[in-house]
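Predicted model only: the values in this text are computed from it and were never measured.
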Amino acid sequence: MGAGAVIPEAGFFTLANARLHSSLTPGLQAPADAEGFILADIDVAGGTIKRIEAAQRAAASESTVDLAGRIVLPCFVDCHTHIDKGHIWPRKPNPDGTFLGALEAADADREAHWSAEDLARRMDFSLRCAYAHGTAALRTHIDSIPPQEDISWPVFEAMREKWRGRIELQASCLFGIERIGQKDWFDGLVRRVAAAGGVLGAVTYMAPDLDALLDSMFAAATKHGLDLDFHADETDALEAVSLRRIAEAALRHRFEGKILVGHCCSLARQPDDEVKATLDTVAEAGLSVVSLPLCNLYLQDRRSDGTTPRWRGVTLLHEMEARGIPVCVASDNTRDPFYAYGDLDMLEVYRAATRILHLDHPVADWPKAMMTTPASIMRLQNPGSLRAGGSADFVVFRGRNWTELLSRPEQDRIVVREGRAIDRSLPDYAELDDLMV
Ligand SMILES: [Zn+2]
C-alpha cells in the first residue's frame with residue numbers, strides 16, 4: 001500500500017497507529033476524536049487479534065508496521081445480494097431501466113440460461129469480487145420459481161462449501177408471495193430451504209390476501225425454525241404497506257426468529273402519521289431493515305418521458321435508527337437487469353449510502369450498518385467488530401479520516417484474513433464471455 005506499510009507474511013506483527021472506529025471496536029476504552037476514531041495498536045499472531053490498545057508510541061521493531069493513522073475496519077458483511085442473477089447484463093440488459101423491465105428480463109434469462117454450470121461460474125465470479133474487496137460474509141437471495149429451485153439450491157450448497165473459511169455464505173429463497181397458494185410446491189420448497197440451512201424469503205406486495213399469505217410464511221418458518229427475509233414495497237406506490245403487514249404478522253404469530261426486510265421504498269412517500277404508525281409497529285415486532293441504495297437510486301423514479309428523477313428511492317433509515325430498529329445497507333444486484341453496475345464492494349455501497357442517505361455529520365454509529373448489525377441479523381459467529389481474541393480479519397485503507405476514506409475507491413486497500421494479506425486480484429470480465437452468447 002505504499003509508504004512501506006506491508007503486512008508481514010509470517011502472520012506475527014503489530015499494526016501501530018491504526019485508526020479504528022469506536023462503533024466497531026467495542027472493547028477499546030479510549031477517548032475518540034470528533035469523527036469517532038481512536039488511534040490504536042493491534043497485535044496479531046496465529047491468525048488472531050491478540051491485543052488492541054490505545055496507541056503507545058512504542059519503539060518500532062521488525063514486526064511493527066506503522067500505519068501512521070490509516071483507517072482499519074473489520075471485514076464487511078453484505079446481507080442482501082443476488083449472486084444467482086449477477087453478471088448477466090451482457091446477454092440480458094434491462095431495455096428501459098424500469099422495475100418491470102428488470103423483472104421481465106431476469107425471468108427470461110433465468111428460463112433460458114440458468115443451468116448449474118452457468119450459475120456456478122457467475123456465483124463464483126461474484127464471490128471472488130466480494131472477497132477481494134474485503135467481504136467476509138454474504139447472504140444471497142436465490143430465485144426459487146419452479147423448476148429453478150431444484151437447480152440453484154444444490155449449486156448454492158456446493159458454493160458455500162467451496163468458499164468456507166473465506167466467505168460465510170447464506171441463502172434465502174425468493175418468489176412472489178402469491179405462489180404460496182400452490183401449497184404442495186410451497187411445502188416442498190420450505191423443506192428444501194430448511195435442509196440447506198437457509199432462510200425463508202419472499203417478495204411481498206399488496207396481494208388481496210396478503211395477511212393470509214404472510215400467515216403461511218410465518219407458520220412455515222416457525223414449524224421449521226427458519227429466519228425470514230422479505231423484499232417489501234420496492235415501489236413508489238403510496239398504497240404499498242406490506243412492511244407494516246409483515247410487522248403485524250410477526251406480532252400476531254409472536255415470531256421469535258429474525259426478520260430482515262429489504263427495500264421499503266414506498267415508506268418514504270407516505271404521510272408522516274402513517275410512517276409513524278408503521279415504524280412503531282416495526283419496532284415493536286423486532287424487524288430489521290436493509291436499504292439497497294445503489295439499486296433503489298437506479299430503479300426508483302425511473303421515467304420514460306425523458307424527465308429527470310426527483311427522489312432518491314431509499315427508505316427512512318434515520319427514522320428507523322431513532323426508534324432502535326436495526327438497519328443495514330447492502331449491495332443488492334450486480335450487473336443484471338435490476339442494476340446495471342456494481343461489484344459487491346461494500347465500501348462503494350457505504351460511500352454511496354453516505355451521500356444518498358446522509359449518513360454523515362455526524363457519522364455516529366452508521367458504520368455498524370455494514371458490519372455488526374448485519375452480522376447479528378445473520379447470526380454470524382464473528383460479530384463484525386474488532387476485538388482481542390477475534391479472528392484477524394480486517395481491511396487496511398489509505399484514508400485517515402472519513403473524507404479521505406470516502407473520496408477515493410481505495411482500490412489499493414489491504415485485505416487481511418486470519419492475519420495474512422490476501423491476493424486481491426479481481427476476476428477478468430472476459431472469463432464470462434462464453435456464457436454471454
Ligand atoms: Zn434484492
Side-chain angles (χ1 to χ4, degrees), residues 76-94 97 99-114 116 118-131 133 135 137-145 148-149 151-153 155-157 159-160 163 167 169-176 193 196 198-204 229-232 234 260-265 290-300 313 328-346 348-349 374 377-378 432 435:
F76 301 111
V77 179
D78 202 346
C79 67
H80 182 130
T81 69
H82 295 263
I83 62 171
D84 59 345
K85 290 191 180 79
H87 301 283
I88 63 174
W89 183 272
R91 72 184 181 208
K92 203 66 189 173
N94 185 325
F99 189 83
L100 189 64
L103 267 184
E104 290 175 353
D107 281 353
D109 191 77
R110 184 180 64 245
E111 286 161 16
H113 293 294
W114 291 21
D118 176 69
L119 282 162
R121 285 182 54 196
R122 290 186 293 98
M123 287 169 85
D124 193 66
F125 188 97
S126 290
L127 291 168
R128 284 152 70 198
C129 300
Y131 182 67
H133 292 307
T135 288
L138 181 145
R139 179 181 290 178
T140 182
H141 296 268
I142 300 279
D143 274 24
S144 297
I145 295 161
Q148 191 61 49
E149 72 276 30
I151 304 166
S152 294
W153 281 84
V155 175
F156 155 72
E157 288 171 313
M159 210 52 62
R160 179 174 56 186
W163 279 84
I167 291 182
L169 189 58
Q170 293 186 357
S172 169
C173 60
L174 188 66
F175 56 88
V193 170
V199 172
L200 189 61
V203 184
T204 62
D229 192 326
F230 293 98
H231 280 68
E234 192 176 355
L260 179 60
V261 188
H263 295 293
C264 313
C265 305
V290 57
S291 183
L292 298 312
L294 296 175
C295 204
N296 292 162
L297 198 66
Y298 178 79
L299 284 179
Q300 300 302 311
C328 317
V329 292
S331 291
D332 212 2
N333 300 70
T334 43
R335 302 187 62 246
D336 68 36
F338 287 86
Y339 183 53
Y341 316 106
D343 204 34
L344 297 180
D345 178 1
M346 280 295 287
E348 186 200 5
V349 171
I377 293 163
M378 290 170 69
L432 299 177
L435 297 177

Checklist outcome for this item: Taking every heavy atom of Gly97 against every heavy atom of Leu299, the minimum-distance pair comes out as O-CD2, 3.5 Å
Next on the checklist: For His133 and Asp343, which I'm curious about, is there any donor-acceptor pair between the side chains at under 3.5 Å?
Outcome noted: yes
Next on the checklist: So Phe175 and His141, do their side chains get closer than 4.5 Å, heavy atoms only?
Outcome noted: no
Checklist entry - What closest approach, in Å, do Ala102 and Asn94 show between heavy atoms, and which atom pair accounts for it? => result N-ND2, 3.3 Å
Next on the checklist: Applying ring-ring contact (aromatic ring centres under 6.0 Å, His included), can you list everything that pairs with Phe338, at least two apart in sequence or on another chain?
Outcome noted: Phe99
Next on the checklist: Whether the side chain of Asp84 engages the backbone of Asp143 through a donor-acceptor N/O pair (distance < 3.5 Å, no angle test) should be reported.
Outcome noted: yes
Checklist entry - Do the side chains of His113 and Glu111 get nearer than 4.5 Å, heavy atoms only? => result no
Checklist entry - Taking atom CG of Leu169 and atom CD of Glu157, what is their separation to the nearest 0.5 Å? => result 11.0 Å
Checklist entry - How many angstroms lie between atom CZ of Arg110 and atom CG of Asp107, to the nearest 0.5 angstrom? => result 4.5 Å
Checklist entry - For Leu294 and Glu348, what are the C-alpha separation, side-chain angles and deciding distance, and is it a side chain to side chain contact (heavy atoms under 4.5 Å, CB included)? => result CA-CA 9 Å; Leu294 296 175; Glu348 186 200 5; 4.3 Å; yes
Checklist entry - Atom OH in Tyr339, atom CG in Leu292: separation rounded to 0.5 Å? => result 11.0 Å
Checklist entry - Do you know the tightest heavy-atom contact between Asn333 and Cys295? => result OD1-SG, 3.7 Å
Checklist entry - Heavy atoms, side chains only, cut-off 4.5 Å: are Phe125 and Leu432 in contact? => result yes
Item to check | Considering all heavy atoms, the nearest Arg335-Pro90 contact | outcome: NH2-CG, 3.7 Å
Checklist entry - Among Asp336, Asp109, Thr334, whose side chain to side chain contact (heavy atoms under 4.5 Å, CB included) with Lys85 holds? => result Asp336
Checklist entry - With a 4.5 Å heavy-atom cut-off, do Leu174 and His82 have their side chains touching? => result yes
Checklist entry - Is the His231 ring parallel, tilted or perpendicular to the His263 ring (thresholds 30°, 60°)? => result tilted
Item to check | Qualifying residue for side chain to side chain contact (heavy atoms under 4.5 Å, CB included) with Ile83, from Asp124, Leu127, Leu119 | outcome: Leu127
Item to check | Residues in salt bridge (charged side-chain N to carboxylate O under 4.0 Å, His left out) contact with Glu104, at least two apart in sequence or another chain | outcome: none
Item to check | Heavy-atom donor-acceptor pair, Arg122 side chain to Gly86 backbone, under 3.5 Å | outcome: yes
Checklist entry - How many angstroms lie between atom NE2 of His80 and atom OG1 of Thr140, to the nearest 0.5 angstrom? => result 8.5 Å
Item to check | Gln170 side-chain N/O to Met378 backbone N/O, donor-acceptor pair under 3.5 Å | outcome: yes
Next on the checklist: With a 3.5 Å distance limit and no angle check, can you tell me whether Thr81 reaches the backbone of Asp332 through a side-chain donor-acceptor pair?
Outcome noted: no
Item to check | Check: Ser331/Asp78 side-chain N/O donor and acceptor closer than 3.5 Å | outcome: yes
Checklist entry - Which atoms form the tightest heavy-atom contact between Arg139 and Cys79, and what is the distance? => result CB-O, 3.5 Å
Checklist entry - Is any side-chain heavy atom of Trp153 closer than 4.5 Å to a side-chain heavy atom of Ile142? => result yes
Checklist entry - Got Cys129 and Asp345 here, is their nearest side-chain heavy-atom distance under 4.5 Å? => result no
Checklist entry - Hey, what do you get for OG (Ser172) to CZ (Phe156), rounding to the nearest 0.5 Å? => result 10.0 Å
Checklist entry - Of the non-hydrogen atoms in Lys92 and Ala105, which two are nearest, and what is the gap between them? => result CG-O, 3.3 Å
